[in-house]
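Here's the structure we're looking at; comments come further down.
Whatever order the structure lists them in is the order used to number ligands and atoms, beginning at 1. All heavy atoms count here, side chains included; hydrogens, waters and symmetry mates do not. Starting from 1, each residue takes its place in the sequence as its number. What you are looking at is a predicted structure, and each value in this text was computed from that prediction instead of being measured.
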Amino acid sequence: MTADHFFRRGLRPLLVFLFFFSLTSFSKSDELQPLLEFKSALQKSNPNVFSSWTPGNSTCSFSGIVCNSNGFVTEINLPQQNLSGVLPFDSICKLQVLEKLSLGFNFLHGGISEDLKNCTSLQQLDLGMNSFSGEVPDLSSLGKLKLLSLNTSGFSGQFPWRSLENLTSLTFLSLGDIVFEESPFPVEVLKLEKLYWLYLSNCSLGGRIPEGLGNLTLLENLELSCNQFSGEIPGDIVKLKNLWQLELFNNFLTGTLPVGFGNLTSLVNFDASGNSLQGNISEMRLLKNIASLQLYDNQFTGEIPEELGEFNKLVSFSIFGNKFTGPLPQKLGSGANFVFIDASDNFLTGPIPPDMCKNGKMTYLLLIQNGFTGGIPENYANCSSLRRLRVSNNSLSGLVPAGIWRLSNLSAIDLAMNNFEGTVPKTWAMGSSLLMIALSENQFQGQLPRSMANCTMLKYLDIGNFSSRLSVLQLQSNNFHGTIPKTWAKGSNLRMIDLSENQFQVEGSRCPF
Ligand SMILES: *[C@@H]1O[C@H](CO)[C@@H](O)[C@H](O)[C@H]1NC(C)=O
Ligand SMILES: *[C@@H]1O[C@H](CO)[C@@H](O)[C@H](O)[C@H]1NC(C)=O
Ligand SMILES: *[C@@H]1O[C@H](CO)[C@@H](O)[C@H](O)[C@H]1NC(C)=O
Ligand SMILES: *[C@@H]1O[C@H](CO)[C@@H](O)[C@H](O)[C@H]1NC(C)=O
Ligand SMILES: *[C@@H]1O[C@H](CO)[C@@H](O)[C@H](O)[C@H]1NC(C)=O
Ligand SMILES: *[C@@H]1O[C@H](CO)[C@@H](O)[C@H](O)[C@H]1NC(C)=O
Ligand SMILES: *[C@@H]1O[C@H](CO)[C@@H](O)[C@H](O)[C@H]1NC(C)=O
Ligand SMILES: *[C@@H]1O[C@H](CO)[C@@H](O)[C@H](O)[C@H]1NC(C)=O
Ligand SMILES: *[C@@H]1O[C@H](CO)[C@@H](O)[C@H](O)[C@H]1NC(C)=O
Ligand SMILES: *[C@@H]1O[C@H](CO)[C@@H](O)[C@H](O)[C@H]1NC(C)=O
Ligand SMILES: *[C@@H]1O[C@H](CO)[C@@H](O)[C@H](O)[C@H]1NC(C)=O
Ligand SMILES: CC(=O)N[C@H]1CO[C@H](CO)[C@@H](O)[C@@H]1O
């Protein structure tokens, strides 16, 4: 035993004590000042939030502040607080163990200073939904980040894509709805294998969507819409078995859905609208968890797989503006709270599926310009939720179920350019929301009710209390007859009227018809 040995054994506890003393004293004194600077930068916009932020209070009891067990500030949580002002990152990043800065949905402005690079303990940086300006600074020192949410934050210029190389812990990356300088898909992202959330919609990306995305097998949400992407959907995307949402709309994508797309059986929302995709959608038959399927404005061909009729989660189905042929599955919508179909502008044939309103939820039934035959199924006479019924330019025929004329929530009834026949009820009591009536080019006949007071056309149809809203009325090319009073449309909001090619007679001589 030497004196030296004794000395070391005796000194160690003292050094440990001094070390902890210095840490604790840091938390008590040195963290107050940065927080007060934060307060003074923002408090004018919402003084209530900061009422507890006083020197007499412990920093850990400030509202929105979370500390660890040693009394160090680990979180600033003040999202959706109407805060405006410029963030003092020089102060914020003096908080040595700050792990979470959550300030989304505020009105923060100004830039982010280079000081941000000192916030090296940050795991969550949420500044989305704000009004910042300027460029996002280099982020490569924030290697512990798990969540980076900057969408709709107002930044511009070049995003520091290279920084992402260092952010290998990221699980949530949201940079959409920002007008960055145009850039190809950032390949750095392909290495972020822990990502479950990738939101890169509407942030000026172009070129091809690279193969390699399929390596990010934890992805649950992949959103790349509203960019300038061209070329094909990468084939290895079918490896993303956990994907519940895939948004690719409004790009310039070509080619077909990748082989094996049907392996994405977790998909709930899929939107590839507004591209130039082609080929059939037979892979869709396996995606039975789909709730929202949006494929409109593409070049798809072939038939709608019969299996879609069995999908009991499907609520919204939009395929207009393609080249689909054959019938719609006759059970479509029957097992689900089906709300919306737009299959307009295709080459579909056969009958209208009868059970899309089976659960009483359907609001839009849009099948314009196809080759549908048969009648309007009787079931829709009961569909009181229906707001738009538009089936014009098909080969539909027969009598319109009487209850259709009584649906009180309709804002548009468009049966034009078919072979419907029969009469329009003399007591057409329509809902107050009606904006459009188009019955032209059918074989409707009979007399429109003449019991009107003051002869407005709308009272003519006995829908007088709605006259101020109706804006389109097309009845041309039918066999309606009766007398049209000369002042019928006075004071209405009609901007389009066509009553031609009927057998109406006009009362008086100064009438415009
Ligand atoms: C300390 O904060 C609490 C709420 O966290 C508040 O009610 C109290 O008024 C504050 N005290 C002082 C002295 O500001
Ligand atoms: C933010 O402002 C809106 C509109 O003035 C107000 O309704 C809301 O309560 C405010 N929110 C907070 C957290 O102060
Ligand atoms: C970052 O912190 C270091 C000390 O930890 C300090 O010297 C430097 O000035 C800080 N940088 C910025 C930009 O605040
Ligand atoms: C980024 O990561 C690289 C490689 O891991 C490392 O050398 C570099 O120091 C990191 N950059 C920063 C700013 O931490
Ligand atoms: C794209 O983002 C910009 C900036 O946030 C926004 O103004 C614009 O409305 C967004 N466009 C779409 C289609 O969401
Ligand atoms: C994807 O993973 C495979 C196999 O692990 C690897 O060879 C390939 O380089 C990865 N691709 C990218 C773009 O990282
Ligand atoms: C789809 O999944 C099946 C079964 O898991 C697998 O055999 C097949 O190779 C997958 N197809 C593609 C294209 O990944
Ligand atoms: C759909 O297209 C694929 C190739 O693109 C083809 O192999 C398959 O037979 C087609 N399915 C139908 C039902 O036409
Ligand atoms: C009706 O549909 C046919 C195709 O089915 C189309 O060629 C024609 O232009 C449409 N007519 C009107 C008036 O939209
Ligand atoms: C209309 O609804 C009633 C009551 O919900 C029901 O009994 C009837 O069968 C329905 N009729 C049609 C045609 O769906
Ligand atoms: C218009 O209505 C008023 C009040 O209902 C009535 O007195 C009048 O005779 C009507 N005029 C015509 C032309 O029907
Ligand atoms: C789609 C998406 O990632 N939205 C995010 C936008 O920003 C807010 C605030 O940061 C997040 O809460 C959203 O998740």
### Is_contact(atom 11 (N) of ligand 8), protein non-hydrogen, under 4.0 Å
yes
### Query
So do the side chains of F320 and D297 get within less than 4.5 Å of each other, counting heavy atoms only?
yes
## Note on the structure
The atoms of ligand 9 lying under 4.0 Å from a heavy atom of Q369, numbered in the order shown, are 1 (C), 2 (O), 6 (C), 10 (C), 14 (O)
### Task
Flag the pair V189 / L173 as yes when at least one side-chain heavy-atom distance between them is below 4.5 Å, and no otherwise.
yes
### Message
Applying ring-ring contact (aromatic ring centres under 6.0 Å, His included), can you list everything that pairs with F270, at least two apart in sequence or on another chain?
### Response
F261
### Message
Can you tell me if S282 contacts ligand 8 (heavy atom of the residue under 4.0 Å from the ligand)?
### Response
yes
### Query
Heavy atoms, side chains only, cut-off 4.5 Å: are W244 and L267 in contact?
no
### Message
Among all the protein's non-hydrogen atoms, which is closest to atom 4 (C) of ligand 5, and how far away is it?
### Response
D177 O, 3.5 Å
#### Entry: Non-hydrogen side-chain atoms of L87 and L42 separated by less than 4.5 Å
yes
### Query
Is there a donor-acceptor pair closer than 3.5 Å between any side-chain N or O of E306 and the backbone N or O of R285?
no
### Task
Return a yes/no value for N280: is any of its N or O atoms, backbone included, closer than 3.5 angstrom to an N or O of ligand 8?
yes
### Task
Please check atom 7 (O) of ligand 5 for a protein heavy-atom neighbour under 4.0 Å.
no
### Message
Can you confirm, on distance only, whether ligand 9 has an N/O atom lying under 3.5 Å from any N/O atom belonging to N393?
### Response
yes
### Message
Do F300 and L257 have side chains that approach each other closer than 4.5 Å (heavy atoms only, starting at C-beta)?
### Response
yes
### Task
Would you mind running through ligand 9 and noting each atom that sits below 4.0 Å from a heavy atom of M417?
13 (C)
### Query
So which heavy atom in the protein is nearest atom 1 (C) of ligand 5, and how far is it from that ligand atom?
N202 ND2, 1.4 Å
### Query
Can you find a protein heavy atom under 4.0 Å from atom 14 (O) of ligand 9?
yes
